[in-house]
Structures are given as structure tokens and as C-alpha cells.
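Working notes, beginning with the structure itself.
Given the structure is predicted, the values throughout are model-derived calculations rather than measurements.
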Amino acid sequence: MPHDVSHTEADDDRILYNLIVIRNQQTKDSEEWQRLNYDIYTLRQIRREVRNRWRRILEDLGFQREADSLLSVTKLSTMSDSKNTRKAREMLLKLAEETSIFPASWELSERYLLVVDRLIALDAAEEFFKIASRTYPKKAGVPCLVDGQKKLHYLPFPSP
């Protein structure tokens, strides 16, 4: 829910919330309701898969116990050092462009910017990128869809 402080209210959160609201206004089990329900499920799966990819890399880095707390972002989360903002954005963009850690058409999220900031503060960002590059290499000319992902019917713009 939007007033829950356990998450940020990012674009992907608003899209998911809006899809749920629209679906709940439809007649249950109608064709429209089923399409929306499928899109909601797909969006949640994409988000879960991206989070699992990040968790696997963090665990490979030795952050087995800290992985969930490093990935936890709330409305109260802030950048650890404003000097790292530019470097965190550059690293996140590099991850998106040079690896397949994010699916094709993924709109970069503030959530992962904060995670990269934490990695920079821990001096682990470069090593994270190296592992991400090996584990999820970008394949030339092949869009990276999350396992079994199909086209979403109702997303207004490409952001899971």
C-alpha cells in the first residue's frame, strides 16, 4: 500500500498500485480483469527476479547476512554521502547498459540507486559490477527478458 513505509513510492510502485486499482474495478474473471491480473503477476515476478539477482551477487560478495538489509529501501532511506550520488548513478547506468541484471525496458529505479550508494560506501561497488558482468553478461542484440516474461498488456511505459 502507498502509505506503507517499508518501500519507496517509485514509478514501478505507482504502476503496480494503479494496475491493482484498475483490476479491482473490473468484473472478476472478465477478460479485462484476467489481462490486468496477468500484468500484475508479471510485474511482481520481474521485480522479484531483479531483486533475487541482486541478492545472489551480494551473497557472492560475502554479504550473506547483510544482503536483505542492503536491498531494503524505504521512504526514509537516503544517500549515505551526497558526493556519491553522481558515482552511484554512473554505476547503476553502467550495470543497466553492460549487464543483463535488469530486463530490457527496465526503467532505472531510485531503489537500486540507493543500494549502489551503499555498495560505494562499503567500497564494494566495483567488485559488484565485476560479478554482475560475469553472472549476467549482456548478449549483443538480444533483449534481456526475465525468465519466461511476455509482453505486458497495460503498462503505460516500459517500467516494471
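In this structure the side chain of F128 never reaches within 4.5 angstrom of the side chain of V116, judged on heavy atoms. The closest side-chain heavy-atom distance from I40 to R44 is below 4.5 Å. Two residues are said to be in side-chain contact when any heavy atoms from C-beta on lie closer than 4.5 Å; Y41 and N37 fail this criterion.
Looking at every heavy atom in both residues, A125 comes nearest to I120 through CB-CG1, 3.7 Å. Across all non-hydrogen atoms, the minimal contact from M79 to L114 is SD-CD2, 3.5 Å.
The backbone N or O of E32 lies less than 3.5 Å from no partner atom in the side chain of Q26, so there is not a single donor-acceptor pair. For the pair S100 (side chain) and P137 (backbone), a donor-acceptor distance under 3.5 Å is present. A donor-acceptor pair is defined here as one N or O able to donate and one able to accept, closer than 3.5 Å; such a pair exists between the side chain of R53 and the backbone of I101. Using modelled atom types, no side-chain atom of T27 and backbone atom of S30 make a donor-acceptor pair closer than 3.5 Å. For the pair T135 (side chain) and A132 (backbone), a donor-acceptor distance under 3.5 Å is absent.
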### Task
Take W54 and L95 through the test side-chain contact (heavy atoms from CB on, under 4.5 Å) and record every step on the way to the result.
CA-CA 11 Å; W54 281 73; L95 279 164; 3.8 Å; yes
### Task
For the pair V50 and Y112, evaluate side-chain contact (heavy atoms from CB on, under 4.5 Å) and give the outcome as yes or no after the intermediate values.
CA-CA 10 Å; V50 169; Y112 290 102; 3.6 Å; yes
### Task
Would you check, one step at a time, whether the test salt bridge (Lys or Arg N to Asp or Glu O under 4.0 Å) holds for R35 with E31?
CA-CA 6 Å; R35 274 195 212 120; E31 188 175 325; 2.2 Å; yes
### Task
Might you work through the salt bridge (Lys or Arg N to Asp or Glu O under 4.0 Å) test for K94 and E90, ending with a clear yes or no?
CA-CA 6 Å; K94 187 175 173 182; E90 289 170 358; over 6 Å; no
### Task
Show your reasoning for whether side-chain contact (heavy atoms from CB on, under 4.5 Å) applies to I20 and R23.
CA-CA 5 Å; I20 292 169; R23 181 203 57 194; 4.0 Å; yes
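Here the CG-CE distance, from D117 to M91, works out to 12.0 Å after rounding to the nearest 0.5 Å. The distance from atom CG of L113 to atom CG of L93, rounded to the nearest 0.5 Å, is 11.0 Å. Between the OG1 atom of T99 and the NZ atom of K130 there is a distance of 15.0 Å, given to the nearest 0.5 Å.
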Please list, one pair per line, the donor and acceptor atoms closer than 3.5 Å that link side chains of residues 56-71 to other protein atoms, with sequence neighbours excluded.
| residue | atom | partner | partner atom | Å |
| --- | --- | --- | --- | --- |
| R56 | NH1 | Y136 | OH | 2.6 |
| Q64 | NE2 | E59 | O | 3.0 |
| D68 | OD1 | R55 | NE | 3.0 |
| D68 | OD1 | R55 | NH2 | 2.9 |
| S69 | OG | E66 | O | 2.9 |

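Heavy-atom contacts from other residues, nucleotides or ligands closer than 6.0 Å to CG of D123 number 12 or fewer.
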